[in-house]
Amino acid sequence: MILEQFSLKRKSGIVTGGGTGLGKGLASAVVRAGAEILIVGRRKTVLKETAKELRQFGRPVIPFPADVSMMEDIYKIVDKGVKEFGKIDFLFNNAGTTHVAPCEEFSEADWDAVIQTNLKGPFFLPKPWPGR
């Protein structure tokens with residue numbers, strides 16, 4: 001069957017922004033394909049609800065509250081994934097944010113929050129660290 005070619009059995013991964021929206025859809029798809037996953041986001045309650053919903057497909061789904069804009073959390077995400085599954089086979093860098101305002105009202109703090117979430121996490125999360 002064609003779906004066997006897309007099987008993720010014996011694969012484990014991380015989906016950032018995995019509690020809602022596109023991230024939740026990605027998480028659902030990979031779990032249905034047989035993967036075990038760590039779903040990451042900032043809202044603990046949402047992650048727990050999503051994990052409970054996705055576990056109906058018979059695969060481990062671990063909710064992990066973390067902020068991909070913070071290096072200390074990025075390290076914790078990787079460590080948690082390896083601790084839970086022994087390895088990480090794939091990563092969906094889906095977490096993101098936006099701030100909509102006229103340019104003259106867009107503060108440096110607003111800019112930093114968007115850049116930290118949308119660029120820092122995706123850049124550093126897949127980086128291999130010695131000893132990790």
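Residues take their numbers from the sequence shown, with the count starting at 1.
Under the 4.5 Å side-chain heavy-atom criterion for Ile, Leu, Val, Met, Phe, Trp and Tyr, Tyr75 and Leu119 are members of distinct hydrophobic clusters. Side-chain heavy atoms closer than 4.5 Å link hydrophobic residues (I, L, V, M, F, W, Y) into clusters, and following such links, possibly through other members, connects Leu125 to Met71. Both Val78 and Phe123 belong to a single network of hydrophobic side chains, linked directly or stepwise wherever heavy atoms of I, L, V, M, F, W or Y lie under 4.5 Å apart. Hydrophobic clustering (ILVMFWY, side-chain heavy atoms < 4.5 Å, transitive): Val15 and Phe57 are in one cluster. The hydrophobic cluster containing Leu8 also contains Val61, counting ILVMFWY residues as joined when their side-chain heavy atoms lie under 4.5 angstrom apart, directly or transitively.
Between Ile74 and Met70, the closest side-chain pair of non-hydrogen atoms is not below 4.5 Å.
Remark: Glu105 CD is packed, more than 12 non-hydrogen atoms of other residues, nucleotides or ligands lying under 6.0 Å away. The number of heavy-atom neighbours closer than 6.0 Å to CZ of Arg59, taken from other residues, nucleotides and ligands shown, is above 12.
Of all heavy-atom pairs spanning Lys11 and Phe90, the tightest one is CB-CE2, 4.3 Å. Taking all atoms of both residues into account, the shortest heavy-atom contact from Asp89 to Arg10 is OD2-O, 3.8 Å. Here the closest heavy-atom approach between residue Pro65 and residue Lys44 is recorded as CG-CG, 3.9 Å. Phe85 approaches Gly13 most closely through the heavy-atom pair CE1-O, 4.2 Å. Shortest non-hydrogen contact noted between Thr16 and Val68 is CG2-CG1, 3.9 Å. Summarising the geometry of Thr117 relative to Pro122, their closest heavy-atom pair is O-CD, 3.6 Å, with the distance given to 0.1 Å.
Here the NZ atom belonging to Lys83 is positioned 10.0 Å from the CG atom belonging to Asp79, to the nearest 0.5 angstrom. How far CD1 of Ile14 is from CD of Glu84: 11.0 Å, rounded to the nearest 0.5 Å. In this structure, CZ on Arg43 lies 9.0 Å from OG1 on Thr50, to the nearest 0.5 angstrom. Atom CZ of Phe124 and atom OG of Ser69 lie 12.5 Å apart (nearest 0.5 Å). With values rounded to the nearest 0.5 angstrom, Phe64 atom CZ is found 12.0 Å from Ile39 atom CD1. Taking CD1 of Ile77 as the reference point, atom CG of Leu91 lies at 9.0 Å (rounded to 0.5 Å).
In terms of the side chain to side chain contact (heavy atoms under 4.5 Å, CB included) criterion, residue partners of Asn118 (sequence neighbours excluded) are, by chain and number, Thr97, Val114.
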Using a 3.5 Å cut-off and no angle test, enumerate the donor-acceptor pairs between side-chain atoms of residues 17-38 and protein atoms at least two apart in sequence or in another chain.
unit_1: Lys24; atom_1: NZ; unit_2: Glu53; atom_2: OE1; d: 3.0
unit_1: Ser28; atom_1: OG; unit_2: Arg32; atom_2: NE; d: 3.1

